[in-house]
Amino acid sequence: MAETASRYHKNYPVSWEQVQRDCRALAWKLLDIRSDWSRLITVARGGLVPAAIIARELNIRLVDTVCISSYTMRDQTAADILKRPDLVGVDEKWLIIDDLVDTGKTARIVRGMFGPAHFATVYAKPEGRPLVDTFVTEVSQDTWVLFPWDTAPTTAFIPPIADMNLEK
């Protein structure tokens, strides 16, 4: 945790309402780019909530996930692809959604899998920003974004229940 924790000196708490507003703003940007997105692929887990909002706003019914484990508050480990969509013929009408691009580690993997697809994130940090095509809000590299699904009402980070059980 020391390496990861030492990288973040600020917190940026995001409320459920702000996530909704920012995802809708991203949807408007994406609609300006094209109105006929054919498929949405979300990077699980962080991209699941934004993808649901954006799929609704853009009326995309074909949604899939790519599941990659590479990022925790404690450690940035080697990326592990847990699930890859069974897809053929990736094209530029495919839309990839994630909540945040940080260092770009996960984004590089996703880009390698779905090169011509359009990659959009709600939030972007400077190191990862060149890897995405569209984003709404930029935050500094040393900022930890506190999403509502990772926090208690006090906006303090709380571990998932399964992790708390392991600490007993």
Side-chain angles (χ1 to χ4, degrees), residues 4 7-8 12-16 18-73 75-150:
T4 303
R7 293 170 14 109
Y8 302 104
Y12 180 60
V14 179
S15 68
W16 285 107
Q18 184 174 350
V19 168
Q20 176 80 17
R21 282 190 305 271
D22 291 345
C23 287
R24 286 177 54 89
L26 181 57
W28 277 110
K29 282 183 147 186
L30 294 167
L31 191 58
D32 284 345
I33 293 166
R34 78 175 322 123
S35 61
D36 62 341
W37 297 103
S38 61
R39 175 186 298 257
L40 188 150
I41 301 166
T42 184
V43 182
R45 293 179 316 216
L48 289 169
V49 171
I53 296 166
I54 291 164
R56 177 193 183 273
E57 298 302 332
L58 298 180
N59 201 22
I60 300 171
R61 302 255 180 210
L62 190 53
V63 178
D64 208 335
T65 59
V66 58
C67 303
I68 301 172
S69 175
S70 66
Y71 202 117
T72 68
M73 181 76 167
D75 188 14
Q76 279 201 293
T77 59
D80 189 13
I81 299 171
L82 306 172
K83 177 196 174 275
R84 176 188 311 250
D86 185 19
L87 307 171
V88 179
V90 178
D91 67 40
E92 71 281 350
K93 290 172 65 173
W94 288 17
L95 178 59
I96 301 166
I97 297 293
D98 203 355
D99 57 348
L100 167 75
V101 61
D102 190 329
T103 63
K105 181 178 177 183
T106 301
R108 278 185 196 82
I109 294 166
V110 171
R111 277 279 184 216
M113 295 168 77
F114 310 108
H118 189 92
F119 197 163
T121 60
V122 184
Y123 305 99
K125 293 185 181 181
E127 284 181 35
R129 188 181 61 224
L131 295 163
V132 297
D133 300 305
T134 307
F135 67 93
V136 173
T137 302
E138 184 171 351
V139 294
S140 63
Q141 198 66 45
D142 65 344
T143 299
W144 183 263
V145 180
L146 290 167
F147 290 103
W149 50 86
D150 288 334

| message | Show every side-chain hydrogen bond (donor to acceptor under 3.5 Å, both in side chains) that has at least one partner inside residues 110-119, sequence neighbours left out. | response | Arg111-Asp133, His118-Thr134
| Lys125 side chain vs Thr103 backbone, donor-acceptor pair below 3.5 Å | no
| said: Between Gln141 and Glu127 (side chain of the first, backbone of the second, donor and acceptor by atom type, cut-off under 3.5 Å), is there such a pair? | reply: yes
| said: I'd like to know whether Arg39 forms a side-chain contact (heavy atoms from CB on, under 4.5 Å) with Ile41, so could you lay out the CA-CA distance, the side-chain angles of the two residues, the decisive distance to 0.1 Å, and finally the verdict. | reply: CA-CA 7 Å; Arg39 175 186 298 257; Ile41 301 166; 4.1 Å; yes
| query | Are Lys83 and Asp64 ion-paired here, with the side-chain N under 4.0 Å from a carboxylate O? | reply | yes
| field | Residues that Arg45 engages under salt bridge (charged side-chain N to carboxylate O under 4.0 Å, His left out), provided they are two or more places apart | value | none
| Roughly how far apart are Ser38 OG and Leu62 CG, rounded to 0.5 Å? | 7.5 Å
| task | Give a yes or no answer on whether the side chain of Arg56 reaches the backbone of Ala52 with a donor-acceptor pair at less than 3.5 Å. | result | no
| remark: All heavy atoms of Pro148 vs all of Ser15, minimum pair found to be CG-C, 3.9 Å
| message | Any side-chain to backbone donor/acceptor pair from Trp16 onto Phe147? Under 3.5 Å, distance only. | response | no
| message | Please determine whether the number of non-hydrogen atoms from other residues, nucleotides or ligands lying under 6.0 Å from atom CZ of Arg34 exceeds 12. | response | yes
| field | Rounded distance [0.5 Å steps], CG in Asp36 versus CD1 in Ile60 | value | 10.0 Å
| said: Can you confirm whether Thr65 sits close enough to Pro85 that some side-chain heavy atom of one is under 4.5 Å from a side-chain heavy atom of the other? | reply: no
| field | Leu58 vs Leu30 side-chain heavy atoms within contact, under 4.5 Å | value | yes
| Nearest-0.5 Å distance, CG of residue Leu131 to NZ of residue Lys105 | 14.0 Å
| Is there side-chain contact between Thr121 and Asp99, with at least one heavy-atom pair below 4.5 Å? | no
| message | Phe114: which residues meet the ring-ring contact (aromatic ring centres under 6.0 Å, His included) condition with it, sequence neighbours left out? | response | none
| request: Measure from the side-chain N and O atoms of Thr42 to the backbone N and O of Ile97, and report whether any donor-acceptor pair falls under 3.5 Å. | output: yes
| field | Over 12 non-hydrogen atoms of neighbours within 6.0 angstrom of CH2 in Trp149 | value | yes
| message | What I'd like to find out is whether the side chain of Val43 reaches to under 4.5 Å of the side chain of Ile96, using heavy atoms alone. | response | yes
| query | Are side-chain heavy atoms of Cys23 and Pro50 found at a separation under 4.5 Å? | reply | yes
| Is the closest side-chain donor-acceptor distance between Asp98 and Tyr123 under 3.5 Å? | no
| request: Decide yes or no for Ile54 and Leu40: does some side-chain heavy atom of the first lie under 4.5 Å from some side-chain heavy atom of the second? | output: yes
| message | If you apply the rule side-chain contact (heavy atoms from CB on, under 4.5 Å), what do you find for Asp142 with Tyr8, and how did you get there? | response | CA-CA 4 Å; Asp142 65 344; Tyr8 302 104; 5.7 Å; no
| field | Which atom of Ser140 lies closest to which atom of Pro126, heavy atoms considered | value | C-CD, 4.2 Å
| field | Side-chain heavy atoms of Ile68 within contact of Asp80, under 4.5 Å | value | no
| request: Taking the side chain as every heavy atom from C-beta outward, state whether Gln20 and Ile53 have any atom pair closer than 4.5 Å. | output: yes
| task | State yes or no: are the ring centers of Phe119 and Phe135 separated by less than 6.0 Å? | result | no
